[in-house]
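Inspection log for the structure reproduced underneath, given as structure tokens.
In the text below, chain A, chain B and the rest are named by the order of the sequence lines, each starting its count at 1. Computed from a predicted structure; not experimentally measured.
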Amino acid sequence: MKSFQRIFAIVKKEIRQLRRDRLTFGMIVGIPVIQLLMFGYAINMDVRNLDAAVADLSGTSASRQIVMDISQTQIVNVIAQVSGAGELERLLRQGKISVGIFIPADFDRRLQQADRAAMQLLVDGSDTVVQSAAAQLALVAQQARTSPYNDRPPVMELRTYFNPERRSPVNTVPGLIGVILTITMILFTAIAIVRERERGNLEMLITTPLKTPELMLAKILPYVLIGLVQVSLVLLLGHFLFQVPMVGSLLNTYTVTLAFIVANLALGLVISTLVSTQFQAMQLTFFILLPSILMSGFMFPFAGMPRTAQVIAEVLPLTHFMRLIRGVMLRGASLQELSGELLILSGFSVVLMFLAVVRFSKRLD
Amino acid sequence: MKWISLLQLQPMTELAIQARQLDKTFGKVRAVCGLNLEVPRSQIYGFLGPNGSGKTTAIRMLCGLLTPTAGDINVLGYSIPDEAEALRLKVGYMTQKFSLFEDLTVSENLQFMADIYTLERKTKQQRIGLAIERYGLNRLLKQRAGTLSGGQKQRLALAASTLHQPELLFLDEPTSAVDPENRRSFWESLFDLVDEGTTILVSTHYMDEAERCHALAILDKGTLMAEGSPEELQQAIDAHIVIVESEHPRQVGKMLEQQDFVHSSAQVGNVLRVMVAHDQGSPEKAIRDVIAREGLNLKECTITKPGLEDVFVAATRSRKKPG
Ligand SMILES: Nc1ncnc2c1ncn2[C@@H]1O[C@H](COP(=O)(O)OP(=O)(O)O)[C@@H](O)[C@H]1O
Ligand SMILES: [Mg+2]
């Protein structure tokens with residue numbers, strides 16, 4: 001078949017060129033690894049060894065017990081014992097400690113009085129990491145109330161100002177697959193075509209019998225493979241570095257990812273028909289990337305977004321992928337249960353492919 | 001039935017390219033204006049013109065890459081640009097800028113092009129083998145195209161654009177980055193192709209190349225200024241060419257250029273090549289007189305046969321100074 005010979009020729013050529021382009025080749029592996037490490041550790045809530053000081057005015061066995069419990073979590077590292085709340089505040093201001101533990105003189109009595117907090121945790125509010133760490137400490141203190149009072153108000157009251165979903169690498173990694181693929185896949189195909197236009201290769205190619213759909217298909221195929229390599233890399237690292245569970249089947253994970261890869265590659269092709277330089281292609285990609293990261297549910301919960309933002313988010317492939325991949329990886333949902341989203345994502349691919357083929361002109365004007 | 005096929009055959013047997021009143025405007029720039037063209041088969045037809053004269057634009061329209069603003073094109077019997085896709089297998093196009101893949105080797109580029117033109121396995125290896133031999137690419141096969149010299153690149157590009165044995169070959173300034181030695185052997189290859197029946201349309205701004213063409217179109221600012229074989233053009237020139245030798249060629253040249261009957265004067269080594277209006281009765285006498293009147297030195301003054309460069313200068317000046 002003639003089409004097949006031409007498509008295969010271009011695929012072979014693309015792969016050869018990729019192998020010889022060290023920077024791009026490095027990006028294929030580098031982008032997922034670096035992004036995963038950055039995002040994974042940045043959102044990692046397992047904070048350890050925050051410097052802390054204790055002002056224990058009661059000095060009872062109960063108060064010593066709770067300080068010990070808190071120390072054993074290894075979240076804080078008690079570096080000083082001070083005599084009052086004022087001194088704790090001073091150390092916090094000076095940045096010498098991140099957490100101050102204040103136990104009032106009537107601590108034992110307060111423990112029995114269920115309507116009052118028994119102790120105070122002073123935290124450095126300028127640091128969101130510390131904020132979330134304090135939430136864990138509050139849980140520890142809760143155990144100080146003996147069983148009859150367990151359903152009473154907490155020993156320590158703490159408000160969490162950030163990260164209401166209590167996100168952790170477990171939740172981040174699946175979404176990160178989507179973000180990484182959005183960056184690399186759109187850019188790969190957009191640039192693969194624009195670069196050839198800039199270098200003059202395209203003027204030669206369009207005077208050959210090569211047909212537009214053949215060219216488009218041949219530009220997508222090699223990058224599908226690359227996308228799958230990237231996903232495997234993120235899954236492996238996520239599993240070994242962050243113990244991300246794989247609740248659903250691996251096959252389902254790859255199936256939904258494949259649909260997303262094709263949609264993004266097709267989007268890249270459409271972009272290539274809109275721009276004339278690689279720089280413009282990059283700008284347009286980031287124009288799509290930013291709302292994708294912010295509105296797809298990756299950063300902020302989708303339900304909490306304003307209505308207009310939700311509507312815009314629905315036309316971003318990443319939004320649908322986010323629901324699919326979290327469903328498959330974290331909840332073990334089947335493809336049948338997610339068929340609606342999968343259909344939408346495939347629909348994107350078909351429409352975008354069609355647009356790219358129609359918009360790509362075998363002319364120069 | 002018979003007469004229909006006869007009608008279809010007629011344009012195909014005579015002309016490879018026919019264009020009528022071809023126009024192309026980019027915004028305010030008129031790149032090609034009212035171009036009429038008839039290119040016979042199995043000949044080398046040249047576009048001669050300075051940079052920006054519309055050579056590339058005209059070629060792009062002829063191969064269906066640009067839509068003409070106005071005009072009709074027929075190439076090998078196909079109406080262009082409507083039937084451009086059908087034409088693809090029958091034409092080869094060597095772009096002005098090297099357009100093969102610089103990060104692929106010579107051999108990989110040839111294999112790629114053979115596949116794009118869907119040559120069968122056996123034909124493919126045979127044609128590639130022939131091309132390698134013909135264009136002296138044997139020792140370059142494993143070299144990346146980007147590292148080739150100008151001449152080597154052009155040989156590779158010509159090899160790649162003729163693998164499918166096109167009936168018609170467009171070459172856009174194929175030798176602009178090639179030394180004279182390689183340029184000569186490149187042209188030898190072109191004549192070989194013509195011998196095999198290929199029609200070649202080549203653009204250039206070199207006179208020596210233009211001189212080798214069977215027929216020429218001189219373009220300036222998108223307009224066809226003159227057309228014909230190099231000999232015809234040289235005979236039809238509407239000016240006299242006078243060689244003037246003097247001890248002070250620069251002074252004499254400047255003085256002559258100010259005379260009404262002198263079109264132009266160009267210094268070539270120690271002599272001046274002076275173009276004189278065709279209606280000037282005795283150009284030598286007129287020049288002798290004016291030099292004597294200015295009291296300048298004159299050693300020699302003789303009429304000579306016009307060259308192609310003179311044709312070119314005459315053709316492109318007639319619009320700047322009409323009448
Ligand atoms: N794509 C384009 N857009 C705008 N102007 C163009 C374009 N292509 C060519 N031109 C203009 O058309 C004129 C002819 O250009 P061109 O055909 O490239 O000349 P040549 O090949 O003889 O050097 C020039 O003035 C050039 O600037
Ligand atoms: Mg040009």
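Summarising the geometry, atom CG belonging to A:L205 is positioned 9.0 Å from atom CG belonging to B:L100; distances are rounded to the nearest 0.5 Å. Note: A:E203 CD to B:D172 CG = 8.0 Å, rounded to the nearest 0.5 Å. For the atom pair CG of A:L210 and CD of B:E85, the computed distance is 9.0 Å after rounding to the nearest 0.5 Å. Distance check, rounded to the nearest 0.5 Å: CD1 of B:I116 to OG1 of A:T208 gives 5.5 Å. From A:I206, atom CD1 reaches atom OH of B:Y93 across 9.0 Å, with rounding to the nearest 0.5 Å. Here A:K211 contributes atom NZ and B:R88 contributes atom CZ; the two are 10.0 Å apart, rounded to the nearest 0.5 Å.
Salt bridge absent: A:R199 and B:E102 never bring a charged side-chain N and a carboxylate O closer than 4.0 Å. A salt bridge between B:D115 and A:K13 is absent, with no side-chain N of the basic residue lying under 4.0 Å from a carboxylate O of the acidic one. With respect to the salt-bridge test (charged N to carboxylate O, under 4.0 angstrom), the residues A:R20 and B:E108 qualify.
A donor-acceptor pair under 3.5 Å is formed between the side chain of A:Q5 and the backbone N or O of B:L119. Side chain of A:R363 to backbone of B:G64: a donor-acceptor contact under 3.5 angstrom is found.
Counting non-hydrogen atoms of neighbouring residues, nucleotides and ligands closer than 6.0 angstrom, the CZ atom of B:F26 exceeds 12 such neighbours. Under a cut-off of 6.0 angstrom, the local environment of CZ in A:F8 is sparse, with at most 12 non-hydrogen atoms contributed by other residues, nucleotides or ligands. Other residues, nucleotides and ligands contribute at most 12 non-hydrogen atoms within 6.0 Å of the CZ atom of A:F287. Counting heavy-atom neighbours within 6.0 Å of B:E120 CD, excluding the residue itself, gives a total of 12 or less. Taking a 6.0 Å sphere around CD of A:E314, one finds it holds more than 12 heavy atoms contributed by other residues, nucleotides or ligands. Within a 6.0 Å radius of NZ in A:K2, other residues, nucleotides and ligands contribute 12 heavy atoms or fewer.
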Let me see the working for B:F101 and A:E196 under side-chain contact (heavy atoms from CB on, under 4.5 Å), right down to the final yes or no.
CA-CA 9 Å; B:F101 301 96; A:E196 298 204 330; 3.4 Å; yes
Before you tell me yes or no, could you show the steps for A:D21 and B:D103 under side-chain contact (heavy atoms from CB on, under 4.5 Å), namely the whole-Å CA-CA distance, both residues' side-chain angles and the distance that decides it to 0.1 Å?
CA-CA 9 Å; A:D21 181 356; B:D103 41 5; 5.9 Å; no
Going through the distances and angles, do A:K362 and B:L65 end up as a side-chain contact (heavy atoms from CB on, under 4.5 Å)?
CA-CA 7 Å; A:K362 278 197 84 178; B:L65 289 184; over 6 Å; no
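Interface residue B:T95: only side-chain heavy atoms are found under 4.5 Å from chain A. Neither the backbone nor the side chain of B:M94 comes within contact range of chain A; no heavy atoms are under 4.5 Å apart. With a 4.5 Å cut-off on non-hydrogen atoms, A:E214 does not touch chain B at all. The contact between B:F98 and chain A is made entirely by backbone atoms, counting heavy-atom distances below 4.5 Å.
Most heavy-atom pairs under 4.5 Å with chain A, from the set B:Q111, B:Q96, B:R144: that is B:R144. Counting heavy-atom pairs closer than 4.5 Å to chain B, the top-ranked of the candidates A:L364, A:I7, A:L202 is A:L364.
Of all heavy-atom pairs between A:M204 and B:M113, the closest is SD-CE, 3.5 Å.
No side-chain donor-acceptor contact under 3.5 Å links A:N201 and B:S99.
Side chains of A:I10 and B:F112 form a contact here, defined as non-hydrogen atoms less than 4.5 Å apart.
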